[in-house]
Amino acid sequence: MFYFHTNDTVNIIIIEMHNNHEGHTEFDMNNNQIRLFVKIAETGSFTKAGQDMNMTQPAVSRAISALEDELAVKLLLRDRRSGLMLTDIGKRILIIFREIIIGYDKVEQEISAEKGLEKGVIRIGAFPVAAAQLIPGVIRSISARYPEIEISLAEGTVAEVKEWLAARVIDVGLIIPPDDEFDTVPLFREKLYAVLQDDHPLRHKEVICVKDLEDEPMLICRSGYEPPVVDLFRRGGSNLKVKYEVSSFLTALNMIKEGLAVGVMSQLSLLSLPPNVIIRELSPDAYRDIHLAVNVLDELSIAAKLFMDTALELAGNMESTIPS
């Protein structure tokens, strides 16, 4: 349980940790200590964290030592081979500290909104296609209307985005279902197409049946992208024979261009086709859903809500986007 207190000199967070033997223990930590620890964990460096927070390295070391003394646990370990590492308790506290920082930021945003000055930081995570085709327009729209709002974007696989969201590294993630562990809102449904070299024997078909692909060497993207493709072949009663697995849609397109395999790829990844690559409709129809995901919808900051509202508005205008 967290209680937020303020005094004339520093914002104090008192973390009440219940103990079976002693009732409870109170720890006093200031905002800078908490942000510093998170920054060290994310950069893996006392020096880089100090530079980001305008602190000297000795000051950083003293602040972390004071924090560890206050908690009476070791949070960080230095290893000559691996560098800076978090202890097990350090990893658990990192997640809690991120939640506390979110709480601080929400307070600041509420105060700014009351004054008519929208500001804040929004941390977004997205997989490459979504990052390339959906996020830039959202950032441009928000930046134009609310220049005091900062937006950071982390790009990774769907699996990585889910990990970042669970660890509170990001506020909002763009992911592909299944997503039972998060609160989600549907953002965009994109159609799936067969993608093949322009001299492939199936090129004459306007619509390719999944059964036609049963004996074809197939290429799929992994790390969370594959469920809709696997489901398509299941519904079509066809055996999916995967020859290549890649993470990048650009790599996939170039491998198809070289005639190495046939792919089933999504609408947004096919807006700019390389030479000698063609697309065909599929039977049965197949789609891939992209969701906005957060840990708890009811706990979103004003800035994060603004991002989601803007993303939903702009995505609605893309429904007619069809690969050429």
Side-chain angles (χ1 to χ4, degrees), residues 42 52 98 101-102 105-106 108-158 160-162 164-165 168-177 179 182-191 221 224-225 247-253 265-274 287-295 297 299-324:
E42 292 176 349
D52 288 347
R98 283 178 175 146
I101 291 173
I102 290 170
D105 292 343
K106 286 170 68 176
E108 292 176 359
Q109 290 173 35
E110 290 286 350
I111 293 172
S112 296
E114 181 67 18
K115 297 177 181 178
L117 303 169
E118 285 83 358
K119 62 185 298 185
V121 177
I122 313 170
R123 302 167 301 169
I124 307 303
F127 55 95
V129 171
Q133 304 295 349
L134 296 176
I135 299 300
V138 180
I139 294 176
R140 178 195 53 76
S141 180
I142 292 176
S143 298
R145 287 184 285 176
Y146 308 103
E148 293 298 315
I149 290 180
E150 299 178 25
I151 302 177
S152 65
L153 173 63
E155 187 175 324
T157 65
V158 173
E160 286 173 330
V161 172
K162 290 181 178 182
W164 296 335
L165 196 57
R168 305 280 181 164
V169 174
I170 58 175
D171 303 305
V172 183
L174 275 70
I175 65 174
I176 297 167
D179 44 44
F182 307 111
D183 286 350
T184 65
V185 177
L187 176 65
F188 188 77
R189 167 165 278 198
E190 51 177 344
K191 194 168 185 176
C221 293
Y225 308 103
S247 295
S248 166
F249 72 95
L250 294 175
T251 300
L253 287 172
M265 299 179 63
S266 65
Q267 175 180 338
L268 294 180
S269 61
L270 301 173
L271 298 180
S272 181
L273 295 176
Y287 298 87
R288 183 173 79 172
D289 292 315
I290 300 175
H291 287 190
L292 292 169
V294 299
N295 281 287
L297 272 171
E299 297 179 1
L300 280 182
S301 68
I302 292 175
K305 287 178 183 175
L306 178 62
F307 174 86
M308 292 186 69
D309 290 343
T310 305
L312 289 167
E313 176 187 344
L314 295 182
N317 297 329
M318 294 185 63
E319 293 297 338
S320 61
T321 302
I322 299 175
S324 58

inquiry  = Give me the atom names and distance for the closest heavy-atom approach of Pro177 to Asp289.
reply    = CD-O, 3.1 Å
task = Report the distance from atom OG of Ser143 to atom CD of Glu148, rounding to the nearest 0.5 Å.
result = 11.0 Å
task = Taking the side chain as every heavy atom from C-beta outward, state whether Leu314 and Ser141 have any atom pair closer than 4.5 Å.
result = yes
query = Does Thr310 reach the main-chain N or O of Leu306 with its side chain, forming a donor-acceptor pair under 3.5 Å?
reply = yes
inquiry  = Working to the nearest 0.5 angstrom, can you tell me the gap between Ile170 CD1 and Lys162 NZ?
reply    = 11.5 Å
ask   = Less than 4.5 Å apart, any side-chain heavy atom of Ile149 and any of Phe307?
value = no
query = How far does CG of Leu271 sit from CG of Leu273, to the nearest 0.5 angstrom?
reply = 8.5 Å
inquiry  = To the closest 0.5 Å, what do you measure between CG (Leu270) and NZ (Lys191)?
reply    = 12.0 Å
task = Look up atom CD1 in Ile176 and atom OG in Ser266, then write down how far apart they are to the nearest 0.5 Å.
result = 7.0 Å
Test item: Asp183 side-chain N/O and Leu297 main-chain N/O as donor-acceptor pair under 3.5 Å = yes
Closest approach of Thr184 to His291 (non-hydrogen atoms, all atoms of both residues) = OG1-ND1, 3.5 Å
inquiry  = What's the separation between atom CG in Leu292 and atom CZ in Phe188, rounded to the nearest 0.5 Å?
reply    = 12.5 Å
remark   = Note: Leu187 and Leu134 closest approach over all heavy atoms is CD2-CD1, 4.0 Å
query = Would a 4.5 Å heavy-atom cut-off, applied to side chains only, mark Gln133 and Gln267 as touching?
reply = no
inquiry  = Name the residue from Asp171, Val294, Asn295 that meets the side-chain contact (heavy atoms from CB on, under 4.5 Å) definition with Leu300.
reply    = Val294
ask   = Of all heavy-atom pairs between Phe249 and Met265, which one has the smallest distance, and what is that distance?
value = O-CE, 3.7 Å
ask   = Looking only at heavy atoms, what is the nearest atom pair of Leu165 and Gly173, with distance?
value = CD1-N, 4.2 Å
key: Closest non-hydrogen atom pair between Leu174 and Ala130, with its separation   = CD2-CB, 3.7 Å
remark   = Tested for side-chain contact (heavy atoms from CB on, under 4.5 Å) against Val172, the lone hit among Arg123, Met308, Lys305 is Met308
